[in-house]
K.L.:
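Take a look at the following structure, please.
Atom set for the values below is all heavy atoms of this structure, side chains included, hydrogens, waters and symmetry mates excluded. Every chain is numbered from 1 and lettered A, B, ... according to where its sequence line falls, protein lines coming before strand lines.
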Amino acid sequence: MQLLLIHSDYIEYEVKKSTPVAEKIEESFRSGRLDEALTAFIAVEKVDESGVDEVINKALTEIRNVAGQVKAENIMLYPYAHLSSDLSSPKIAVSVLKGIEKELSGEFNVKRAPFGWYKAFRISCKGHPLSELSRSIVPEGGPVSCGEAIAVTDEKEEVVSEALKAESTAKSYWHILTPDGELHSIDDFDFKGHENLQKFVNYEISKQRAVERAPPHVELMRRLEIADYEPGSDSGNMRYYPKGRLIKSLLENFVLEESYKVGAMEVETPLMYDMEHPTLKKYLDRFPARQYSIESDKRHMFLRFAACFGQFLMNHDMTISYKNLPMKMIEMTRYSFRKEQRGELVGLRRLRAFTMPDMHSLCTDMEQAVAQFDAQYNMCIGVLDKVGIKVDDFEVAVRFTREFYEDNRDFITNLAKTVEKPVLVEMWDTRFFYFVLKFEFNFVDALAKASALSTVQIDVENAERYDINYIDTDGTAKKPVILHCSPSGAIERCIYGLLEKEAMNSENGGVPMLPLWLSPTQVRIIPISEKHMDFALQVAEKLDYRVDIDDREDTVGKKVREAGREWVPYVVVVGDKEVETGNITVTVRSESEPNKPKKVQMTLEELNARIGSEVRGMPYKGLPLAQLLSARPRFL
RNA sequence: GCCUCGGUGGCUUAGGGGUAUAGCGCGUCCUUGGUAAGGACGAGGUCGCGGGUUCAAAUCCCGCCCGAGGCUCCA
């Protein structure tokens with residue numbers, strides 16, 4: 001069903017001429033008018049025939065919902081065939097319209113325009129934000145658009161699909177699940193000791209999102225010369241300075257390495273796709289709004305918003321045996337593009353072009369998929385932990401259908417046990433999305449805003465849609481269950497999380513810094529005067545990590561201050577004393593307090609060993625900028 | 001789409017009918033300094049764009065563009 005809702009000052013109609021399918025009407029029915037009315041233009045479609053009652057119920061939910069929001073007491077039901085090119089039989093259509101009319105007539109003043117007549121009508125749309133809305137309603141089990149294919153591993157409101165439309169009609173049951181397996185209602189749950197979860201719940205359910213200042217990471221990303229807005233591009237497309245590029249690159253490599261460890265094959269797929277491709281066309285014809293589109297000669301392309309497209313199309317062409325399953329594929333999408341609305345973009349939190357690891361696992365059946373889900377849940381915890389975002393820094397949301405829960409109760413409980421804290425649960429009576437089970441780890445920032453990082457979903461639809469098969473033991477082709485997984489979430493969002501975390505740390509009287517393996521400068525050497533430069537160079541030579549030298553003509557005090565502002569983890573001042581002994585005094589940022597630097601005497605070997613043990617197993621790259629600070633340009 | 005605020009040298013910013021502050025940064029020089037900003041001098045701006053009012057507009061008025069935040073919305 002296609003539903004177009006117009007909140008109007010008035011709507012009036014008058015029948016002109018009957019069509020062959022016209023319903024018989026009384027004289028009084030030939031014209032009608034309602035003032036201050038919500039008009040529902042309705043086209044009943046072929047697919048609705050498979051679930052008439054359900055479609056009626058969904059339509060009622062929509063209409064009641066909107067009528068409530070705009071405070072309309074009068075409702076005009078107006079059959080409007082032109083909203084769809086695939087109409088139901090007239091008989092069904094009339095029964096649906098009458099069904100809706102009957103249900104609404106108790107609560108509202110309802111009129112229904114006659115079906116099957118050419119009618120003249122006049123309407124005066126109010127023009128406020130809620131005054132014009134359209135909805136598509138599809139019965140469960142009916143064909144759905146291929147759009148869910150592109151569904152997303154990044155965050156809930158970006159899940160792209162028919163399912164999203166259905167979301168407004170989907171009834172969500174919210175709970176808090178504690179590690180003991182108890183499902184608590186949100187209202188009764190005592191959030192003492194779980195303040196972040198409270199914030200997350202407020203954000204997610206109560207939609208408390210107002211905030212009075214810019215997020216702290218925006219200033220930090222610029223001051224630390226990580227990333228910046230690029231006025232020459234579209235909003236939400238950032239530029240990354242050398243330090244930011246280093247951090248991103250290390251994070252990207254790290255997530256890829258972790259994926260290789262669990263057996264994922266890295267692939268690369270195109271950034272743009274043809275809108276006319278048969279598998280994608282239907283979806284894109286219907287919902288052209290959210291992606292960048294590109295005219296290329298005569299072809300009309302769009303930019304991907306995840307790697308699902310490319311990988312599923314690749315899977316479709318592959319020959320896959322049950323012996324190959326579970327089969328994992330990953331791509332570090334640089335970039336995924338989503339044309340988010342202007343006002344939704346913020347710093348590194350929400351972008352229009354972002355880097356997201358997107359891994360898909362093909363599994364033989366639900367049992368294997370659930371086992372994989374469990375393994376990947378734990379993998380995601382480990383990945384974020386090493387990135388520097390600990391279990392305490394995020395809140396877990398688990399979303400599933402009631403049916404899945406009843407079949408897998410212990411499994412779900414175990415998810416809360418694993419993180420040893422209560423998690424937010426969203427449960428649906430019926431499956432509106434392409435997945436039956438999903439989790440996300442949500443970072444709650446300095447302003448109590450939540451955003452999803454890692455996520456895994458069990459997808460039970462797209463193997464069918466993309467016609468992806470594997471050959472089972474008996475020689476027949478079967479459809480796999482597919483897991484979507486973003487082990488870390490968007491890379492930019494990890495950086496945002498780290499910066500926000502340190503901003504909070506700083507506000508609480510801590511000394512902010514990035515994890516050592518991500519710090520652009522790991523050791524800063526400050527020679528006291530020019531005559532100590534030789535020694536400084538020797539020290540730099542003997543250290544194995546990213547070491548730079550502040551050789552600028554400034555006072556020692558100023559250089560120390562600047563090293564602090566850059567969050568340099570180890571600062572070494574060298575002068576006559578060091579030249580004499582050959583040993584160094586190191587200011588250790590991680591053990592310092594504001595205005596109370598922690599200084600430790602050590603040898604170069606000891607410093608090397610100390611850094612080595614802290615960054616063991618993590619990716620490494622050399623300095624992203626000149627070693628001598630005097631040779632570095634300023635980026636802002 | 002709506003609301004608020006903003007657009008002045010590379011950055012941050014003051015001011016506001018008579019073409020303009022200051023700090024940082026940058027350059028030159030002095031200082032060769034031991035853990036959170038040493039000093040002096042200098043270069044650098046048609047005050048977002050277009051129109052209007054005026055003897056005179058960066059300043060007032062109108063329109064537009066761009067940015068930040070919020071709201072709303074979001075296949």
K.L.:
What nitrogen or oxygen pairs link the protein and nucleotides 4-8 of chain B at under 3.5 Å?
P.N.:
none

K.L.:
Using whole Å, what does the distance between atom C1' of nucleotide B:rU35 and atom CZ of A:R561 come to?
P.N.:
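After rounding, the gap between these two atoms is 13 Å.
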K.L.:
Considering every strand and a 4.0 Å limit on heavy-atom distances, what is the contact class for A:F635: base, sugar-phosphate, or nothing?
P.N.:
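Nothing, no heavy atom under 4.0 Å.
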K.L.:
When the C1' atoms of B:rC73 and B:rG15 are compared, how many Å lie between them, rounded to an integer?
P.N.:
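Going atom to atom, C1' in each nucleotide, I get 40 Å.
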K.L.:
With rounding to whole Å, what would you report as the distance between B:rG23 and B:rU31 at their C1' atoms?
P.N.:
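Straight-line distance between the two C1' atoms is 22 Å.
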K.L.:
Hey, which sits more toward the 5' end of RNA chain B by its nearest nucleotide, A:S235 or A:G557?
P.N.:
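The answer here is A:G557.
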K.L.:
Looking at the rings of A:F41 and A:Y78, which for Trp means the six-membered one, are their centres under 6.0 Å apart?
P.N.:
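Aromatic pair counts; centres sit under 6.0 Å.
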K.L.:
Counting just side-chain N and O atoms, does A:K449 come under 4.0 Å of either OP1 or OP2 of B:rG69?
P.N.:
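For B:rG69, OP1/OP2 do not have a side-chain N/O of A:K449 under 4.0 Å.
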K.L.:
What interatomic distance, in whole Å, is found between C1' of B:rG7 and the corresponding atom of B:rA14?
P.N.:
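After rounding to an integer number of Å, I get 15 Å for this pair.
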K.L.:
Can you give one letter per nucleotide of nucleotides 25-33 of chain B, going 5' to 3': B for a protein heavy atom under 4.0 Å from the base, S for sugar-phosphate only, - for none?
P.N.:
SS----BBB
K.L.:
Can you tell me, in whole Å, how much space there is between the C1' of B:rG48 and that of B:rU28?
P.N.:
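Pairwise C1' distance, B:rG48 against B:rU28, rounds to 34 Å.
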K.L.:
Measuring only the P atom in each nucleotide, how far is B:rC2 from B:rA43? A whole number of Å is fine.
P.N.:
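Rounded to whole Å, the distance is 47 Å.
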K.L.:
Identify, with sequence neighbours excluded, every residue that meets side-chain hydrogen bond (donor to acceptor under 3.5 Å, both in side chains) alongside A:S235.
P.N.:
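A:S235: no side-chain hydrogen bond (donor to acceptor under 3.5 Å, both in side chains) contacts found.
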K.L.:
Suppose we screen for salt bridge (Lys or Arg N to Asp or Glu O under 4.0 Å). Which residues come up paired with A:R245, at least two apart in sequence or across chains?
P.N.:
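Counting only residues at least two positions away or on another chain, A:R245 forms a salt bridge (Lys or Arg N to Asp or Glu O under 4.0 Å) with A:E252.
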K.L.:
Say you pick atom P in B:rU72 and the same atom in B:rU13; how far apart are they, in whole Å?
P.N.:
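About 28 Å, rounded to a whole number of Å.
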K.L.:
Table please: side-chain donor-acceptor pairs of residues 566-577 of chain A below 3.5 Å, with sequence neighbours left out.
P.N.:
from	atom 1	to	atom 2	distance (Å)
A:E566	OE1	A:K243	NZ	3.4
A:E566	OE1	A:R524	NH2	3.1
A:Y570	OH	A:R610	NE	2.9
A:Y570	OH	A:E614	OE2	2.3
A:D576	OD1	A:H532	NE2	2.7

K.L.:
Determine whether the aromatic ring centres of A:F200 and A:F443 lie less than 6.0 Å apart.
P.N.:
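They do not qualify: ring centres at least 6.0 Å apart.
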K.L.:
If you measure only the distance, is there a donor-acceptor pair under 3.5 Å linking the side chains of A:N608 and A:Y545?
P.N.:
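Not at all, the side chains of A:N608 and A:Y545 share no donor-acceptor pair under 3.5 Å.
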K.L.:
A:V346 side chain: which of B:rG69, B:rA37, B:rC11 is closest?
P.N.:
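Among B:rG69, B:rA37, B:rC11, the one nearest the side chain of A:V346 is B:rG69.
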K.L.:
Distance alone, cut at 3.5 Å: any donor-acceptor contact between the side chains of A:N237 and A:Y292?
P.N.:
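The answer is yes; a qualifying pair exists.
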K.L.:
Work out how far the P atom of B:rG17 is from that of B:rU12, and round it to whole angstrom.
P.N.:
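B:rG17 and B:rU12 have their P atoms separated by 25 Å.
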K.L.:
So, A:N442 and A:E440: side-chain donor and acceptor under 3.5 Å apart, yes or no?
P.N.:
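Checked: A:N442/A:E440 side chains pair up, N/O donor to acceptor below 3.5 Å.
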K.L.:
I need the CG-C1' distance between A:D234 and B:rC65, as an integer number of Å.
P.N.:
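So the CG-C1' distance, A:D234 to B:rC65, works out to 15 Å.
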K.L.:
Please report the distance, rounded to the nearest Å, between CD in A:E219 and P in B:rG69.
P.N.:
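For the pair A:E219 CD and B:rG69 P, the rounded distance is 14 Å.
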K.L.:
Can you measure A:D550 atom CG to B:rA37 atom P for me and round it to whole angstrom units?
P.N.:
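Value for this atom pair: 14 Å.
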K.L.:
Expressed as a whole number of Å, how far does the P atom of B:rC61 sit from that of B:rG27?
P.N.:
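Looking at atom P only, B:rC61 and B:rG27 are 42 Å apart.
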K.L.:
Write out the stems for RNA chain B, ordered by first number and formatted as range with range, counting runs of at least 3 consecutive Watson-Crick or G-U wobble pairs under 3.5 Å.
P.N.:
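B:1-7 with B:65-71, B:10-12 with B:22-24, B:26-30 with B:38-42, B:48-52 with B:60-64 - these are the stems of 3 or more pairs that involve RNA chain B.
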K.L.:
Whole angstrom is fine here: how far is it from CG in A:L345 over to P in B:rG67?
P.N.:
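From A:L345 CG to B:rG67 P: 10 Å.
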K.L.:
For a side chain to side chain donor-acceptor pair (under 3.5 Å) with A:Q601, tell me which candidate from A:N583, A:T581, A:T585 qualifies.
P.N.:
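Among A:N583, A:T581, A:T585, the one that satisfies the side chain to side chain donor-acceptor pair (under 3.5 Å) with A:Q601 is A:T585.
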K.L.:
Is there a donor in the side chain of A:Q311 and an acceptor in the side chain of A:T269, or the other way round, less than 3.5 Å apart?
P.N.:
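The criterion, which ignores hydrogens and geometry beyond distance, is not satisfied for A:T269 and A:Q311.
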K.L.:
Rounded to whole angstroms, how far apart are OH on A:Y229 and P on B:rG10?
P.N.:
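Going from OH in A:Y229 over to P in B:rG10 covers 21 Å.
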K.L.:
Going by ring pair (Phe, Tyr, Trp, His ring centres under 6.0 Å), name the residues that satisfy it together with A:Y240, two or more places apart in sequence or in a different chain.
P.N.:
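Expected list: none.
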K.L.:
Take the protein atom CG of A:L220 and the nucleotide atom C1' of B:rC11, then report the distance between them rounded to whole Å.
P.N.:
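Answer to the nearest Å: 16 Å.
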K.L.:
With sequence neighbours left out, write down each residue that passes side-chain hydrogen bond (donor to acceptor under 3.5 Å, both in side chains) with A:S519, or none if nothing qualifies.
P.N.:
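Result, side-chain hydrogen bond (donor to acceptor under 3.5 Å, both in side chains) vs A:S519: none returned.
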K.L.:
Holding to side-chain hydrogen bond (donor to acceptor under 3.5 Å, both in side chains), I want the full list of residues that pass it with A:D534, two or more places apart in sequence or in another chain.
P.N.:
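A:D534 satisfies side-chain hydrogen bond (donor to acceptor under 3.5 Å, both in side chains) with no residue once adjacent residues are dropped.
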K.L.:
Identify, with sequence neighbours excluded, every residue that meets salt bridge (Lys or Arg N to Asp or Glu O under 4.0 Å) alongside A:E500.
P.N.:
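Partners of A:E500 by the salt bridge (Lys or Arg N to Asp or Glu O under 4.0 Å) criterion come out as none, since no residue qualifies.
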K.L.:
Could you state the CD-C1' distance from A:E230 to B:rC66, rounded to the nearest angstrom?
P.N.:
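Spelled out: CD on A:E230 to C1' on B:rC66 is 13 Å.
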K.L.:
Of all residues at least two apart in sequence or in a different chain, which pass the side-chain hydrogen bond (donor to acceptor under 3.5 Å, both in side chains) check with A:T521?
P.N.:
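Checked A:T521 against side-chain hydrogen bond (donor to acceptor under 3.5 Å, both in side chains); matches are A:D548.
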K.L.:
By a strict heavy-atom criterion of less than 4.0 Å, which residues belonging to residues 566-587 of chain A are in contact with RNA chain B?
P.N.:
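Within residues 566-587 of chain A, the residues near RNA chain B are A:V573, A:G575, A:D576, A:K577, A:E578, A:T587.
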